[in-house]
Each structure stands twice: as C-alpha cells, then as structure tokens.
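A short write-up of the structure that comes next.
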Amino acid sequence: MSTKIKYGLKELEKEVGPLTFGRLISSHRLGEEMSQKDFSKILGISPSSLCDIEKGRTIPSIRRARKMARQLKLSEHLFVKIAIQDQLDREKINWLKISFA
C-alpha cells in the first residue's frame with residue numbers, strides 16, 4: 001500500500017508564507033549552500049543588491065528576473081511571474097493574481 005502526499009505551492013505557503021521573488025532566490029541560494037557574496041557573483045549583482053532582493057526591499061525588473069533565471073538555469077516563466085506578482089502586491093493591486101500552475 002502506498003500513501004501519496006500532495007505537497008504543492010498552497011501547502012508550502014501555509015508553512016512559510018506567500019512565495020515571493022526574495023524567498024525564491026534566498027531558498028535557492030541556501031539550498032546550494034552558498035554565501036550571498038558567492039551567489040551574487042553568479043548573478044552579476046552586488047551582495048547588497050542580493051540582500052535587498054532576498055529581504056523584499058527590491059523587486060527585479062522583468063528583464064532582470066529573466067536574466068537571473070537564465071544564469072541559474074531555472075524557469076524564466078516562474079521567475080517573471082513571481083516578479084510581476086511582487087510588483088502587483090507592492091502596488092496593492094489585489095484584484096489581479098498571477099497563476100503559478
């Protein structure tokens with residue numbers, strides 16, 4: 001007998017809060033066990049810029065989000081969607097939500 005456990009974005013957000021660009025970047029960096037200094041070199045940004053992104057003080061542009069995804073060999077679609085959603089949230093445009101499905 002096998003038990004399937006469904007664990008997706010909704011379950012993750014219940015545990016750690018909404019998915020943001022900063023949380024995405026931070027969790028990827030920590031998963032790779034890299035310092036902000038080393039990770040910022042890969043992204044071609046300063047460590048302080050990376051810190052600002054991870055803390056949610058800065059949201060990258062669509063162009064920057066795509067570039068970061070390419071540099072990390074990750075999904076451009078996901079990075080752009082999350083960056084757009086963060087921009088919408090910052091502007092308090094609550095009636096428009098980006099789908100991550």
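Only this structure's heavy atoms are used, side chains among them; waters, hydrogens and symmetry mates stay out.
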Taking only residues two or more places apart in sequence, or in another chain, which ones meet Lys97 in a salt bridge (Lys or Arg N to Asp or Glu O under 4.0 Å)? Asp89

Tell me, which pairs form a salt bridge (charged side-chain N to carboxylate O under 4.0 Å, His left out) where one or both residues lie in residues 65-74, sequence neighbours left out? Arg66-Glu76, Arg70-Glu76

Arg63: side chain to side chain donor-acceptor pair (under 3.5 Å) partners, not counting sequence neighbours: none

Tell me if a side-chain donor or acceptor on Ser27 pairs with a main-chain N or O of Arg23 at a distance below 3.5 Å. yes

Correct closest heavy-atom pair for Gln71 and Gly44 would be NE2-N, 4.3 Å

Could you name each residue pair satisfying ring-ring contact (aromatic ring centres under 6.0 Å, His included) that touches residues 59-89, not counting sequence neighbours? Phe21-Phe79

For residues 45-74, the ring-ring contact (aromatic ring centres under 6.0 Å, His included) pairs (sequence neighbours left out) are none

With sequence neighbours excluded, what pairs up with Arg57 under the salt bridge (Lys or Arg N to Asp or Glu O under 4.0 Å) test? Asp52

Just to verify, what does Ser35 make a side chain to side chain donor-acceptor pair (under 3.5 Å) with, not counting sequence neighbours? Asp38

For the residue pair Ile53 and Ile45, establish whether any side-chain heavy-atom pair is separated by less than 4.5 Å. yes

Under a single-linkage definition using a 4.5 Å side-chain heavy-atom cutoff for Ile, Leu, Val, Met, Phe, Trp and Tyr, are Leu24 and Leu43 assigned to the same hydrophobic cluster? yes

Check the hydrophobic clustering (I, L, V, M, F, W, Y; side-chain heavy atoms under 4.5 Å; chains of links allowed) and say if Leu88 and Ile59 are grouped together. no

Set of residues satisfying side chain to side chain donor-acceptor pair (under 3.5 Å) with respect to Glu54, sequence neighbours excluded: Arg29, Gln36

Contacts of Ser49 meeting side chain to side chain donor-acceptor pair (under 3.5 Å) (sequence neighbours excluded), chain-then-number -> Ser46

Indicate, with yes or no, if Leu50 and Ile42 share a hydrophobic cluster defined by side-chain heavy-atom contacts under 4.5 Å among Ile, Leu, Val, Met, Phe, Trp and Tyr. yes

What are the two closest non-hydrogen atoms of Pro60 and Ala65, and how far apart are they? CB-N, 4.2 Å

Strictly by ring-ring contact (aromatic ring centres under 6.0 Å, His included), give each pair with a member in residues 52-76 just once, sequence neighbours left out. none

To the closest 0.5 Å, what do you measure between CD1 (Ile62) and CD1 (Ile84)? 4.0 Å

